Number of protein chains: 2
Amino acid sequence: MKLDSRLSRMLHILVHMARADGPITSQAAAEMLGSNAVVVRRTMAGLRDAGLVQSVKGHGGGWTITAEPDQVTMLQVYRAVGEPRIFSIGLADPNSACLVEQAVNASMRSALKEAEEALVTRLGEVTLADIARDFERRFALLGEQARTA
Amino acid sequence: MKLDSRLSRMLHILVHMARADGPITSQAAAEMLGSNAVVVRRTMAGLRDAGLVQSVKGHGGGWTITAEPDQVTMLQVYRAVGEPRIFSIGLADPNSACLVEQAVNASMRSALKEAEEALVTRLGEVTLADIARDFERRFALLGEQARTA
DNA sequence: TTTTACGCAACATATGGGGTTACATAAACC
DNA sequence: GGTTTATGTAACCCCATATGTTGCGTAAAA
């Protein structure tokens, strides 16, 4: 399997939604992501259940962000998409009867736990508003470069 | 794919080898791991290339650890098995032209980098000897429990 | 010479995210 | 009211990759 990109994709769309003045359709989102409208709906369903967005059917419908961008962290989005497995490495047998393997498992668990905590902590510190501000900075920088070129 | 257990498995066998007084055959190792001798050879080849173990063909042959257990860290073993991908989550498009996605990618990269550094640091701090000592502790504890039961 | 092991290529298998098709339903527009 | 536009969801296929398996070659000891 390739990388699970649900978190990354949802962040992408959420920031777009935060900047849009109306709903974004699944089709439009899919085009932004280079993906498929069904995949978008499937993944966004988690965000809707988490209360981060709402969906409206029919003409003029689509997806709208309902939460305040400065109140939504990457961690919340990660959880809203179902808390996908973080690591692709892990224990061979979590419940081995072999004491050697138990010792190995203890050291592996400890290392992975530390890394996961570092990740979760960081995800909890960055909001959609932070990412949107970074976008604005990049956007301004681009205009700057165009003018001085 | 399930979890990549190569690091875990190799640690397991390395600690067994450190405690054995002779070579361990691929078949014996495979039985310890609940796996297959070919898989063992395939994975151990990396450890041999890294100089951690040696293999001997024929009668009485098998695998022997050649490095000092207190000089071999989990990190070295991780590298010897080919530095498998750590995360199962990641960026949707690492080289997107979309500035929003670039901002998302920056925040994702930063969080993942921090977690990876935490993991690598920890892996570099724990040696095979540490794991072997933990095994001894567990083993002693088990005898203790048996006597007081 | 036989047996025991490793070395390695080639192929099979399982898993899970993502892509695709199909159909149902709801809401806006005419 | 009928048509169009959207979402909701099920049911499939596709693909990458660690792992499992078979087969054959080679080296070393009995």
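Note that these values count all heavy atoms, side chains included, but never hydrogens, waters or copies made by symmetry. Here the structure is a predicted model, which is why all the values come from computation and not from measurement. Just so we're on the same page: letters track the sequence lines, and every chain starts at 1.
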Undergrad: Find out whether A:V53 and A:M17 are in side-chain contact, i.e. whether some heavy atom of one side chain is under 4.5 Å from a heavy atom of the other.
TA: yes
Undergrad: Starting from C1' on D:dA27, measure out to CD on B:Q54 and report it in whole angstrom.
TA: 15 Å
Undergrad: Calculate the interatomic distance between A:K57 atom NZ and D:dA6 atom P; express it in whole Å.
TA: 14 Å
Undergrad: How long is the line joining CZ of A:R85 and P of C:dG16, in whole Å?
TA: 7 Å
Undergrad: Of A:N36 and A:G58, whose closest DNA chain C nucleotide lies nearer the 5' terminus?
TA: A:N36
Undergrad: Would one find a side-chain N or O of A:R9 under 4.0 angstrom from OP1 or OP2 of C:dG17?
TA: no
Undergrad: In whole angstrom, give the distance that lies between atom CZ of A:R6 and atom P of C:dG17.
TA: 5 Å
Undergrad: Just the rounded figure in Å: distance from C1' of C:dG18 to CE of A:M10.
TA: 12 Å
Undergrad: What nucleic acid atoms does A:G62 come within less than 4.0 Å of, heavy atoms only: base, sugar-phosphate, or nothing?
TA: sugar-phosphate
Undergrad: Hey, does the side chain of A:S55 come within less than 4.0 Å of D:dA6's phosphate (OP1/OP2), counting only N and O?
TA: no
Undergrad: How long is the line joining CG of A:D93 and P of D:dT19, in whole Å?
TA: 14 Å
Undergrad: Tell me if a side-chain donor or acceptor on A:N105 pairs with a main-chain N or O of A:N95 at a distance below 3.5 Å.
TA: no
Undergrad: Nearest whole Å is fine: how far is C:dG16 C1' from B:K2 NZ?
TA: 11 Å
Undergrad: Is a side-chain donor or acceptor of A:S26 paired with a backbone partner of A:V40 at a separation under 3.5 angstrom?
TA: no
Undergrad: Would you find a donor on one side and an acceptor on the other, under 3.5 Å apart, between the side chain of B:T121 and the backbone of B:E117?
TA: yes
Undergrad: Would you please confirm or rule out a distance under 4.0 Å between OP1 or OP2 of C:dG17 and any side-chain N or O of B:S88?
TA: no
Undergrad: Among C:dT21, C:dG18, D:dA29, which nucleotide sits nearest the side chain of B:H59?
TA: D:dA29
Undergrad: On DNA chain D, compare the nucleotides closest to A:Q27 and B:G34; which residue's is nearer the 5' end?
TA: A:Q27
Undergrad: Quick check against the 3.5 Å criterion: does B:E114 have a side-chain atom that pairs as donor or acceptor with the backbone of A:L119?
TA: no
Undergrad: Using OP1 and OP2 only, check whether a side-chain N or O of A:T25 sits under 4.0 Å from D:dA6.
TA: no
Undergrad: Please determine whether any donor N or O and acceptor N or O are separated by less than 3.5 Å between the side chain of A:R42 and the base of C:dG19.
TA: yes
Undergrad: Closest-nucleotide mapping onto DNA chain C: is A:R41 or A:S35 further toward the 5' terminus? I mean the 5' end.
TA: A:S35
Undergrad: Can you identify which nucleotide, out of C:dT20, C:dT3, C:dG17, has its nearest atom closest to the A:D4 side chain?
TA: C:dG17
Undergrad: Calculate the interatomic distance between A:L33 atom CG and C:dT20 atom P; express it in whole Å.
TA: 13 Å
